[in-house]
Each structure stands twice: as structure tokens, then as C-alpha cells.
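What follows is a set of notes on a single structure, which appears directly below.
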Amino acid sequence: MKTPKRYLITAALPYANGLKHIGHLAGAYLPADIYVRYLKAQKRDVVFVCGSDEHGTAIPIQATKEGTTAQAIIDKYHPIIEQNFKDLGITFDIYHRTSDPLHHETASAFFKDLESRGDLETKTSEQYFDEQANTFLADRYIKGTCPNCGHNEAYGDQCEKCGKSLSPEELINPVSTLSGNAPIKKETTHWYLPLNRHEDFLRKWLLEEHAQDWRPAVVGQCKSWIEGGLQPRAVTRDLDWGVKVPVAGGDGKVLYVWFDAPIGYISATKQWAINNDKDWKPYWNDPETKLVHFIGKDNIVFHCIIFPVMLKLHGNILPENVPANEFMNLEGDKMSTSRGWSIEMDDYINKWIKKENGGESLADCLRFYLNSIAPESKDSEFTWKGFQDAVNGELVSIFANYINRTWVLMHKLTKGKVPPIHPDLLDDDDQALLLSVKETKEKVTTLLEQYKFRDAQFEVVNLARLGNQYMQKKEPWILAKNIETDPTAQAKIDNCMHGCLQLSANLAILINPFLPFTAKKMCHLMKVVPKMLEWENAGNFNLLKVGYSLRPPELLFRKIEDEEIATELAQLKANAEAKKTKMETTNNTTAEKGANENANEKGITPLKPEIVFDDFGKIDLRVGTIVEAKKVEKADKLLELLVDLGFEKRTILSGIAMHFYPEDIVGKQVTIVANLAPRKMRGIESKGMILMAEDENGKLYFVSPSEAIAAGSGIS
RNA sequence: GGCGAGGUAGCUCAGUUGGUUAGAGCACAGGAUUCAUAACCCUGAGGUCCCGGGUUCAAAUCCCGGUCUCGCUACCA
């Protein structure tokens, strides 16, 4: 494999609306950091960029909710997140932010460039607008008659009957699904990235060239998208928070957050270049640069389809790989900040990385465990017991213990100095040890180049295990007892300890990408400068000079006690319970992005336009009793209900199948919109609608009278 | 419902283009040892490779069907 001239490594931009948890860390930042530290040890030319993603609708909405400004929100979280990464040893070369003028300038120029060359499509008069809801309508909020099959319930993006992909303009007799009115066409310009023009390119690049060397899940998801039919994606929005659309007709519009965020990688690189007096251009333009995006699986489409198309159009290089990780669960459930079921980086740092708790070494403990269970090929699971086992059983017992016993023996048996070698007494075991080091270096190097970080780390620990075996076989503590009778005893001890010490130095080099704080501490023990950690030194057995005196032993880690684990588990359950009761007792909650919510688009629903009493009077609300309930076939979310309204029983469909078992809701009294126009779904006609309340996690609740009353009772 | 990725020892995972008795670490059991953070070292026990068919001299691996988990997507007046 030819060594690239330079590397540009990116880690997904964290959304600056809240704290980030260890799942985020394990998914993108830790593997990226390991890779970068390795490359730097190899003395490669590498820049590691990241930064806060600070645009999108969720941030101004959260600001409104908290009675503050969007700027205040991002100013609050940006520095915390940045510091959290530092505390965990994630060392970006630049941690930028998309609210920075340099980014606005860069994203603007990027957009202008694409626009000026006709790479974007504009649709000036083709946009539907709902006057009543006072908003432009996304494709799926418009329905009408399918031009292909004549189905009259087709949506603006696709007809579900014949499966044909559509655009809203193709629909016959379009209707807004928000108000039920026919939408008007409003004079506005929106810009689109026509992904459909690039299908051939994407097929060739992803499905042919990278079918083998990218992770199966990544290629699989891309394939799914391409096969599903690529659509033009809107790149602008009607919003005033973000990067202004820099061309005529762009007033009151900003770049869609997914368009501007990845450009943040470029602006971050520019800022890095300014700070370091370098040229940023080769990093994005020279084909000899290797670009790698580290992300979680929720970001695959943006980084493998949309952004590459943008880069190609803009004349930039394409990513060489996108090693997306799957998700990390926690103690048997999905991680979710809003549900309190997560471990925030900030919390871990405050609890564990305090000086009295072990300081920096506890950052490495977390890095070690997270990497050992990194979800590289499937979802994985963090457990506190697993954390304790990994730290106590491998990091402490195997790795740290090897270093410690080496240091103790060296001070007892060789006066705290690196002993000389006696070549005539070297044997096969000594040779084997050196060979193992060289082999491990090769293995670790190969694995790192293949983004197999958990395996790579395992190999390093295994080398320490070999060290323990070597020492066990040589038994220098026994030799020391025979020093009077065996004239070669001291020489044998010297050879053994020399090997053990050289191995320690090698372990420091090899563990450095994974556990940087530990490597630093080992350098301190060996009284060497960090330069020794350069990768090319691994495999050498003369890193520590004979006669050099080393520091007294110091423990690299402490053990994790059972009580600490019990405390964490209790805390986690308490947090989840607290969040739950909080959600049940307050209706004034903050908008928080759940782990599985799609980036940047969700938030509190804005208040709808004012209506007059007559409008309200048109709605006939009744109390109904559910008498039958069953699942609708071929629909995950729909239940078919038979509801007693007193004067009649009617069929009503409701999208609640994910929340209730049919048998559990029979007999429930619910609120019905009784005079709603019937609507067919999945071939069944629904005559009315059940009112549901939804909390911030999407959990549904029936709206019912507080006591049972007669079916059909009116509500006003 | 469509698409994608997974299902291998109690736990976390490897298993390269099909090729002997399916591997590793942890946990567990026994032994040995004391330099070391009750650490290390040696040995052992353990699996219907999700289920059912098929192709083949030979299947964890390839094909078909089913099932479970996760993700994307559709359905949610």
C-alpha cells in the first residue's frame, strides 16, 4: 500500500444543544483519535478536525423554550464539549464552530460556486405554500392524485400504491395535509442538490470501487439509498438562524443545516491553517491526501452520498473511507440523554477523573473499555460490571502489573538501572521475546490501518501478557536467591531485566494511541522524552540505554471497587427515574435530541395560527369507548379500532400500535373527532380520529374523561 | 410492509476466497508460585455456529425459506 502524502481526519461535528455521552465518544471521537495518534506517531502529515455544529432549527427552538437566544445556547455548550474532549485525551488539531464568520464565508462560497456552475437546481415558482399554516410545505405534507396510477392518496415524494417516486409538482389536485386546503404556489426560490444526476458516479464509486474495503453496513446502507431512487435534496430553508443564502433571492433563507455542517470540516481546516501558518488547500484538493470521516451509523448517508457529491462538484477530494460505527447500548437499553439513560462525558469526567479518584489514568480506563467494546461491526453494550472487569482484569492485572513488577524487580535486583546484556547467556526465550515485539508491531500496524481498533488494542495487551510469561519463565527472583552459588546468576538477571525493560518501552509506544495518558506516565517512569514514542522505535530493543537509572515504581492504575460500580448503577437508575417523573409532572420540558432522532430537524411544535371560535365550533368532539382493537396487517403502527359512540359504532384507524397492545385498550374511553372526513389507509376506511397526547420522547397518552361517562357525550 | 446490517461458549467478540477434533479474552474450576495492585503463570471444563431445507466428497462459511435484534424507510386525520 502506498503511503499517502498527507491525511485529513474528521470526526462528526457534535450538535451544540446539549452534552454528549460516551456512546458518541465510542462511536466517532475515540476511534478517530486513536487513528490520528497512530498516524502522528508514524510522523505522517495529518490534520484532525472537528467542531460544533451550531445551526439547524432545534437550537433556536430550544432557545425560545429556555427564554434565551440561540447564540447563548451554543456559547454555553461549545466550550463544555470542547473541554470534555480534551479531558478524555481527544486532541483535535482544531475544534472549530459553524457559527464562526470564517465558516459562514466558506459555506457561502461553497454554495455560490455550486450555484454559479449550475450544479444546483432552483425551483422558483414550484413551491407549495399553505396560507393557513403560514408555511412552505415539505413534499410529504402534500398529497394528491398520482399521475402514474391514478391513486388519489399519493404523497408529494412517492405514491405508496404504485411505488413511483414523485415530486409535488407532478401531483394532480394537490392538497396540504396540514390544513386540508389546496396549497398556493408562492413566489420563492429554493435550491436543490440534484442527487439523481449523480447516480452513475455514486454507483461506481461506492458499489464498485469500495464494495470490498468499506464496512459492510456502510456500503449496505448506501446501496439501499441508491436503489431506492435518488431525489434532489433541498439545500435551503426558510429560517433566520444559519448561513445566509448568498445569492439573489436568498433573503430570509439559510443553508439547510446538513448542507452547511460538513462544510464545517473545510472551514475548520482553514482555521487550523491560519493558526499554524499553513496552506489548507492541499488537504482538500490534492488527490494524494487521504480523507477519512469518523462517524456513527446515523450519519452514513450524509457522509457517503450527499457530502461526496458536494465535494465532487466543488472539485475536492473524496473520502478514502468512512468507518462508521454502530450504536453502543447501556445496561440493556438504548442510550438516551432525555430519558436519563446515559453516561455523559461531562459526568464521567467530574466523577472519575478527579485527582483524588485517579486523575488522568481514569480517562484512559474509559478509553480502554470503550475501545475494547467499540461497536465496529454490530451494536455493543456498555455495562459498569464490564468496565470494572476490563480495567481490573486486563488493564491492571496484565498490563499495569507487568510494568509494576518489572520496575520493582529492577530496583531490587539491578539497582534501579538498566542492566547490561551478556550476549553469551542469551537464549531462545530472549530471542522469542524480541521477535514477539516485532510481530506485535506488525499486527497492530496492520489492524490500525484497517480501522480495527479493538483488535489492535488487544494485541498490545497480549504483548504485555507475553512479557508476564517471559518473566515467569526466567524467574529472576529465584535467581537472586542463588547469587552466592551460581556465578552466572546476576548475568541472567541482567539479561532478563534488560529484556523486560526494553519490552516496557515498546509497550509504551504501542499503547500510546489508545492510552495516551498512560504512555506519558510510562515515559516519566523511564525518564525519556515523548519523542521515544515514535512508531519507528517500536521493535527496537535498545531504547533504554545500559546504565541509565530509572524512577522508582509508581502504579499506573488503581482498581475499580465493587462499591463504585454499585453506586454508578444506582445513580443511573435514579437518573432515569427522576427524568421519568419529571416528564410526567411537567408539561414544560426542554427540547432534547434523543439518540435516534434524525439530526437537527426535531423540536417543539410551534404554536399554530390563531383561529376564531367558529373554527373551533366546527369540530365535533365526542367521548367514545373502544370495543374492539386489532392490528392492521402490513403496517407497523396502525391499529384498527371499533369505537362505540353511543348512537353508532364505527371503525377508526390510529397510528398507536407501537405504544399499546390491542387487548389492553379495549374498554378505554377516548376522545374522538367525530365529524372528520373519512380517510382510507391500507385499504381500510377510518371514520374519525382518536386524540392523543405525545410527550417529548414520542410516548403517547390517551386523552380521556377523568371518570367513565356515557359513550357519545359531547365535548366542548 | 420495503431495504440494509447482525444472530458463533455464561459474557464480549474472531473466524480470510467452503477443507481435519470451530478459536481468543473475560468469567468459572483445579494446580503451581510469591517479584507484583489477592496480581502473574500452567491446565481444564463449555458450543445443535438462530431454525428448516438445498448445493457439495466437504457448509459457521454458498443458495432458498422462516425467525429474532438493531438501523433507514413507509403507514400515524
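Given the structure is predicted, the values throughout are model-derived calculations rather than measurements. The basis for the numbers below is simple: all heavy atoms, side chains too, and nothing from hydrogens, waters or symmetry mates.
With rounding to whole Å, A:L676 atom CG is found 13 Å from B:C76 atom C1'. If you take CZ of A:F327 and C1' of B:G71, they are 7 Å apart, rounded to a whole angstrom. Going from atom CD1 of A:I656 over to atom P of B:C75 covers 18 Å, rounded to whole Å. Atom CG of A:N462 and atom P of B:G23 are 17 Å apart (whole Å). For A:D298 and B:C70, the CG to P distance is 16 Å, given to the nearest whole Å. Rounded to whole angstrom, the span from the CG atom of A:D389 across to the P atom of B:C26 amounts to 11 Å. Rounded to a whole Å, the CD atom of A:E475 is 14 Å from the P atom of B:A36. Distance, A:N404 CG to B:A38 P: 10 Å, rounded to whole Å.
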Item checked: Protein-to-nucleotide contact annotation, 5' to 3' order, nucleotides 5-15 of chain B [B base; S sugar-phosphate only; - none; under 4.0 Å, heavy atom] -> SSS----SSS-
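Nucleic acid contact class of A:W225 (heavy atoms, under 4.0 Å, all strands): sugar-phosphate only. No contact: A:K473 has no heavy atom under 4.0 Å from any strand. Using a 4.0 Å heavy-atom distance criterion, A:V673 is classed as making no nucleic acid contact. When heavy atoms are screened at a 4.0 angstrom cut-off, A:I690 is found touching no nucleic acid atom at all. Looking at heavy-atom distances under 4.0 Å, A:Y402 makes no contact with the nucleic acid at all. Heavy atoms of A:A480 sit nowhere under 4.0 angstrom from any nucleic acid atom. Counting any heavy atom pair closer than 4.0 Å across all strands shown, A:K559 reaches a base atom.
Aromatic ring orientation, A:W352 versus A:W384: parallel (interplanar angle below 30°, classes split at 30° and 60°). Using a 30° and 60° split on the angle between ring planes, A:F307 and A:H303 fall in the perpendicular class, above 60°.
Note that SG of A:C365 is 12.0 Å distant from CZ of A:R367, once rounded to the nearest 0.5 Å. Residue A:D333 holds its CG atom at 11.5 Å from OG of A:S342, rounded to the nearest 0.5 Å.
Side-chain atoms of A:Q490 and A:D494 include a donor-acceptor pair closer than 3.5 Å. Neither side chain, A:H498 nor A:N495, offers a donor N or O lying under 3.5 Å from an acceptor on the other. Looking at A:R215 and A:N321, their side chains never bring a donor and an acceptor atom within 3.5 Å of each other.
Salt-bridge check for A:E199 with A:R203: passed, with a basic side-chain N closer than 4.0 Å to an acidic carboxylate O. Salt bridge absent: A:D427 and A:K492 never bring a charged side-chain N and a carboxylate O closer than 4.0 Å. Under a 4.0 Å N-O distance rule, the pair A:K687/A:E648 does not qualify as a salt bridge. The existence of a salt bridge linking A:D379 and A:K297 is confirmed by a sub-4.0 Å separation between a basic side-chain nitrogen and an acidic carboxylate oxygen.
Straight-line distance between the C1' atoms of B:U16 and B:C57: roughly 23 Å, to the nearest whole Å. Spacing between B:U61 and B:U37 at atom C1', rounded to whole Å, works out to 44 Å. Taking atom C1' in both B:C13 and B:G6, the straight-line distance is 13 Å, to the nearest Å. When the C1' atom is used for both B:G53 and B:U12, the distance is 32 Å, rounded to whole Å. Nucleotides B:C49 and B:A60, compared at atom P, are 8 Å apart to the nearest Å. Nucleotides B:A32 and B:G25 place their P atoms 22 Å apart, quoted to the nearest Å. Spacing between B:C3 and B:G10 at atom C1', rounded to whole Å, works out to 35 Å. Comparing the P positions of B:C35 and B:C26 gives a spacing of 24 Å, expressed to the nearest Å.
Side chain of A:N468 to main chain of A:I398: a donor-acceptor pair is present (N/O by atom type, distance under 3.5 Å, no hydrogens or angles).
Pairing of B:A74, defined by two Watson-Crick or G-U wobble distances under 3.5 Å, is not identified with any nucleotide. Checking B:A5 for Watson-Crick or G-U wobble geometry (two distances, each under 3.5 Å) identifies B:U69 as its partner. Base pairing of B:A29 is made with B:U43, judged by Watson-Crick or G-U wobble geometry with both donor-acceptor distances under 3.5 Å. Remark: B:G19 base-pairs with B:C57. Criterion, Watson-Crick or G-U wobble with two distances under 3.5 Å. Searching all strands for a Watson-Crick or G-U wobble partner of B:A14 with both distances below 3.5 Å returns nothing.
Shown here for A:I300 and A:A324, the closest heavy-atom pair between the two residues is CG1-CB, 3.8 Å.
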Below 3.5 Å is the cut-off: list the nitrogen or oxygen pairs between protein and nucleotides 40-42 of chain B, distance only.
unit_1, atom_1, unit_2, atom_2, d
B:C40, O2', A:R405, NH1, 2.6
B:C40, O2, A:Q472, OE1, 3.3
B:C42, OP1, A:Q469, NE2, 3.4

Distances for protein N or O near nucleotides 62-64 of chain B N or O, under 3.5 Å:
none

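For the pair A:K412 and B:A36, the criterion of a side-chain N or O lying under 4.0 Å from OP1 or OP2 is met.
For A:F557 and A:F399, the gap between ring centers reaches or exceeds 6.0 Å.
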